[in-house]
Amino acid sequence: MDRQTSALRGQRPLRSLAARLAVVAALAAATLTVHAGAPAQAAACNGYVGLTFDDGPSGKTPALLNALRQNELRATMFNQGQYAAANPAQVRAQVSAGMWVGNHSYTHPHLTQQSQATVDSEIYRTQQAIASAGGGTPRLFRPPYGETNATVKAVAAKYGLTEILWNVDSQDWNGASTDAIVAAAGRLTSGQVILMHDWSANSLAAIPRIAQGLAARGLCAGMISPTTGRAVAPG
């Protein structure tokens, strides 16, 4: 065996080792690439909107929660105190389903026509009813009919509540069709809030299409910030 042949044979293990190292490096790089791209779902949310449902909880709530869960949506449920007290299990179901619970007064009166004492009672009793039912202490308040004034705002602030109205009205309370409700949700832009109702069959039917429409526009259902009153990423 000449020296050249011996030298070539001596190089084979080195070349083989180098090849193995190159393969390992390539696999590591591929793994890093996969992990780097993992948060694809989070990256798809180019903005957040606030879906809200008033007047619950009720016998309609289980179907509503099921539809929201199936379509991977979260919403803020503005509950009436009288219904929270009567349906505590449904309040707990709202929370278990990942929803946020807000205050919508106790009996849904026109608060701007009430005395300060009555406004205080309506808001305070609802805070108590929701907390007792397992819904936590609300931080958001929606006045019935969207009617507010300085007295209503002051009482809400007294209980640490941020008043939340809406940017888009689905008109489900006024008999809007499922198509019209889907179209209304299609007008939402990032940060905005839409009004819907717990009891509306047409809003319930609209949920899958609302989810599809939001996804197509890169929008996700978020929480409503107690600081700004706008929809933001869930905390």
Side-chain angles (χ1 to χ4, degrees), residues 41 48-109 111 119-144 155-156 158-166 170 172-173 181 185 193-208 210-211 214 220-227 229-235:
Q41 187 172 1
Y48 293 86
V49 298
L51 306 180
T52 68
F53 293 88
D54 288 9
D55 294 349
S58 70
K60 306 285 188 181
T61 302
L64 174 60
L65 295 178
N66 186 53
L68 290 168
R69 281 196 306 264
Q70 286 183 346
N71 290 278
E72 299 183 350
L73 296 176
R74 299 177 72 182
T76 301
M77 322 303 282
F78 283 104
N79 288 342
Q80 288 189 39
Q82 61 180 338
Y83 299 146
N87 301 284
Q90 294 306 323
V91 177
R92 292 191 292 275
Q94 290 172 337
V95 175
S96 296
M99 310 302 154
W100 299 279
V101 179
N103 183 320
H104 193 41
S105 82
Y106 202 85
T107 62
H108 207 275
L111 291 178
V119 173
D120 194 294
S121 174
E122 285 282 331
I123 292 176
Y124 171 73
R125 286 192 296 157
T126 302
Q127 291 291 91
Q128 294 297 107
I130 290 173
S132 296
T137 301
R139 299 179 64 193
L140 305 177
F141 169 66
R142 172 166 287 163
V155 174
K158 170 185 173 182
Y159 292 105
L161 292 162
T162 299
E163 189 176 86
I164 304 296
L165 299 181
W166 53 83
S170 72
D172 62 352
W173 56 272
I181 294 167
V193 174
I194 185 171
L195 168 69
M196 293 178 282
H197 290 80
D198 172 280
W199 45 262
S200 170
N202 287 343
S203 282
L204 174 64
I207 287 174
I210 289 174
L214 292 177
C220 297
M223 64 178 283
I224 300 174
S225 166
T227 303
R230 290 177 60 79
V232 298

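Numbering starts at 1 and runs along the sequence shown. The figures that follow rest on heavy atoms only: side chains count, while hydrogens, waters and symmetry mates do not.
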Donor + acceptor pair across side chains of Ser58, Gln90 (<3.5 Å): no
Flag, side chain of Glu122 to backbone of Thr107, donor-acceptor distance under 3.5 Å: yes
Geometric class of the Trp199/His197 ring pair [parallel <30°, tilted 30-60°, perpendicular >60°]: tilted
Interatomic spacing from OH in Tyr106 to CD1 in Ile123 - rounded to 0.5 Å: 14.5 Å
Arg142 backbone acceptor or donor facing His104 side chain under 3.5 Å: yes
pair Pro226-Leu140: side-chain heavy atoms closer than 4.5 Å: yes
Over all atoms of both residues, closest heavy-atom pair of Leu204 and Ala63: CD1-O, 3.6 Å
From Ser105 atom OG to Asp54 atom CG, the distance as rounded to the nearest 0.5 Å: 9.5 Å
Heavy-atom check, side chain of Lys158 versus side chain of Asp120, under 4.5 Å: yes
Heavy-atom check, side chain of Tyr48 versus side chain of Pro234, under 4.5 Å: yes
Closest heavy-atom pair and its distance - Ala84, Ile130: CB-CG1, 4.0 Å
Trace of the side chain to side chain contact (heavy atoms under 4.5 Å, CB included) decision for Met77 with Leu64: CA-CA 11 Å; Met77 322 303 282; Leu64 174 60; 3.5 Å; yes
Other residues, nucleotides, ligands: >12 heavy atoms within 6.0 Å of Tyr159 OH: yes
For Met196 against Ser170, the heavy-atom pair lying closest together: CG-OG, 3.6 Å
Between CG on residue Leu165 and CZ on residue Phe141, distance to nearest 0.5 Å: 9.5 Å
Option among Arg125, Gln127, Arg139 that satisfies the side-chain hydrogen bond (donor to acceptor under 3.5 Å, both in side chains) test with Asn103: Gln127
Side-chain heavy atoms of Thr52 within contact of Ile164, under 4.5 Å: no
Over all atoms of both residues, closest heavy-atom pair of Ala211 and Leu73: CB-CD1, 3.8 Å
Check: Thr162 and Thr227 side chains under 4.5 Å, non-hydrogen atoms: no
Minimum-distance pair of heavy atoms, taken over all atoms of Lys60 and Asp198: CB-O, 3.6 Å
Reported CE-to-OG1 distance for the pair Met223 and Thr76, which is rounded to 0.5 angstrom: 8.0 Å
Rounded distance (nearest 0.5 Å) linking atom CD1 of Ile181 with atom CG of Asn202: 5.0 Å
Sequence neighbours excluded, every pair satisfying ring pair (Phe, Tyr, Trp, His ring centres under 6.0 Å) that has a member inside residues 75-102: none
Side-chain heavy atoms of Asp55 within contact of Trp173, under 4.5 Å: no
Approximate separation, where rounding is to 0.5 Å, of Ile194 CD1 and Ser203 OG: 7.5 Å
Heavy-atom closest contact (Leu51 atom, Ala221 atom, distance): CD1-CB, 4.0 Å
Backbone of Gly134 reached by a side-chain donor or acceptor of Arg92 within 3.5 Å: no
Thr126 side chain to Gln80 backbone, donor-acceptor under 3.5 Å: no
